[in-house]
Amino acid sequence: MKNVTIKLIHLFVSTIILMMVTAPFVNAQDEEKKPDRPVRNLFESNLLIDNQTAIVPVKGTFEFDIMHRFGTWQNGYDDFWGIFAPSNIRLGFTYVAVKKLQLGFGLTKQNHLLDFNVKYAILEQTRSGRIPLALSYYGNMAIDARDGSNFETGTDRYSFFHQLMVARKFSDKLSVQGSFNFSHFNAVQAFKNDAGEVLPVRENDHMSFSILGRYKITDGTSFIFSYDRPITDHEQADPEANLSFGVEFVTSSHAFQLFIGNYRGIVPQYNHALNQQSFGDNEILIGFNMTRLWNF
């Protein structure tokens with residue numbers, strides 16, 4: 001796994017370098033004609049399946065998100081390919097109070113999670129090509145709000161996620177993003193080895209990287225995909241890589257994404273560090289996201 005991971009990291013870094021060196025060259029006359037403003041519609045939404053995108057909407061934007069994941073389709077018709085199985089859902093709210101800075105919170109069915117999050121656009125890709133990439137940071141803190149009997153101490157409830165995103169809009173149709181991700185859980189499961197020692201099943205910290213993209217088929221319809229690759233090796237329970245793909249439909253104030261994937265969690269650290277479902281075992285599910293924007 002280590003050799004594969006190293007190769008994938010090299011591929012990720014090479015992709016970022018390629019995104020930089022293929023930035024469009026514009027002459028002085030072109031720059032005079034085009035104002036040096038951020039590119040339009042780097043992505044169509046704050047979300048792309050289960051990952052954040054590098055965009056931060058304009059100041060004064062309020063967004064409401066509904067993120068729904070059905071059960072896996074292993075049982076086929078018995079639970080109508082997961083649609084009637086137990087599901088996971090998140091309701092999210094974000095607001096851009098200051099230019100380039102977005103604040104939000106959400107409620108998730110799984111483990112009664114309450115999360116608070118922040119996203120900041122460090123760099124924005126410009127239309128002139130002077131800045132060829134977008135660079136953004138996203139972070140959250142999630143609180144497991146189940147009964148206290150599930151935890152030894154109050155701080156065991158907390159988990160954290162940090163993400164540094166690099167994105168580029170190559171054309172009116174194609175946008176690609178890569179990110180390095182860091183997840184932390186204050187408490188993890190443990191086991192006893194043959195010597196009777198108590199050891200953690202997994203590390204408290206987990207690193208991963210992601211590649212995602214959007215290809216526009218029409219003005220309002222796009223093909224979307226997302227892939228998360230674990231980097232950290234754990235004692236017993238290495239997470240599975242996450243793969244998902246689907247379609248996105250957008251209007252000026254709405255986005256709807258319909259997709260299939262192999263992970264049920266919604267809060268990112270749970271997907272990146274804890275997912276044990278795989279495509280190879282047919283542990284695949286249907287999901288959708290709906291977003292609604294208001295400007296104040």
Side-chain angles (χ1 to χ4, degrees), residues 1-20 47-54 106 108 110-111 113 115-123 133-144 155-168 176-191 199-213 225-244 261-280 283:
M1 179 178 175
K2 289 183 178 180
N3 290 336
V4 173
T5 300
I6 291 172
K7 290 179 180 179
L8 287 170
I9 293 174
H10 288 168
L11 176 62
F12 175 81
V13 174
S14 299
T15 301
I16 299 303
I17 294 173
L18 179 63
M19 290 165 68
M20 295 180 67
L47 298 167
L48 198 146
I49 305 179
D50 282 323
N51 275 302
Q52 291 287 321
T53 62
T108 304
Q110 179 187 24
N111 293 356
L113 294 175
D115 67 275
F116 299 90
N117 54 78
V118 59
K119 183 161 62 172
Y120 182 72
I122 302 169
L123 292 175
L133 301 171
L135 176 66
S136 296
Y137 163 79
Y138 172 82
N140 77 30
M141 177 183 72
I143 304 170
D144 188 327
T155 58
D156 289 351
R157 299 177 181 271
Y158 297 103
S159 62
F160 305 86
F161 184 76
H162 302 278
Q163 185 174 49
L164 191 63
M165 300 166 279
V166 181
R168 173 139 191 248
V176 178
Q177 176 178 300
S179 67
F180 277 108
N181 319 302
F182 176 80
S183 306
H184 173 82
F185 287 82
N186 277 4
V188 295
Q189 293 178 319
F191 74 102
L199 301 173
V201 171
R202 58 176 60 87
E203 303 294 330
N204 294 81
D205 298 328
H206 176 78
M207 292 190 295
S208 59
F209 69 87
S210 304
I211 298 175
L212 56 88
F225 76 91
S226 177
Y227 177 71
D228 307 317
R229 180 71 188 184
I231 297 175
T232 303
D233 285 325
H234 295 269
E235 185 69 32
Q236 280 199 330
D238 280 325
E240 294 289 336
N242 303 324
L243 175 64
S244 53
N262 68 313
Y263 45 103
R264 182 173 179 270
I266 300 178
V267 176
Q269 53 266 48
Y270 281 77
N271 281 333
H272 287 257
L274 303 181
N275 179 41
Q276 295 295 311
Q277 298 179 180
S278 70
F279 262 85
E283 296 172 317

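Below, all heavy atoms of this structure are taken into account, side chains as well, without hydrogens, waters or symmetry copies.
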Just checking, is any N or O donor in the side chain of His272 or Ser208 under 3.5 Å from an acceptor N or O on the other one?
yes
Would you say that Tyr263 contacts Ile49 through its side chain, given a criterion of any heavy-atom pair below 4.5 Å between the two side chains?
yes
Heavy-atom closest contact (Pro230 atom, Pro239 atom, distance)
CG-O, 3.5 Å
Just by distance, no angles: are the side chains of Asn140 and Asp115 close enough, under 3.5 Å, to form a donor-acceptor pair?
no
Indicate yes or no: at least one non-hydrogen side-chain atom of Asn181 is less than 4.5 angstrom from one of Ser210.
yes
Given Gln177 and Thr53, is the side-chain contact (heavy atoms from CB on, under 4.5 Å) satisfied, shown in steps?
CA-CA 8 Å; Gln177 176 178 300; Thr53 62; 4.0 Å; yes
When you compare the side chains of Glu283 and Asn262, does any donor N or O come within less than 3.5 Å of an acceptor on the partner?
no
Taking atom types as modelled, find out whether Glu240 and Ser278 have a side-chain donor-acceptor pair closer than 3.5 angstrom.
no
Audit row: Asp233, Asp238, side-chain contact (heavy atoms from CB on, under 4.5 Å) steps and yes/no:
CA-CA 6 Å; Asp233 285 325; Asp238 280 325; 4.2 Å; yes
Less than 4.5 Å apart, side chain to side chain, heavy atoms only: is that true for Tyr137 and Val118?
yes
Among side-chain atoms of Ser159 and Gln269, is any donor-acceptor pair under 3.5 angstrom?
yes
Is the distance between the ring centroids of Phe185 and Tyr270 less than 6.0 Å?
yes
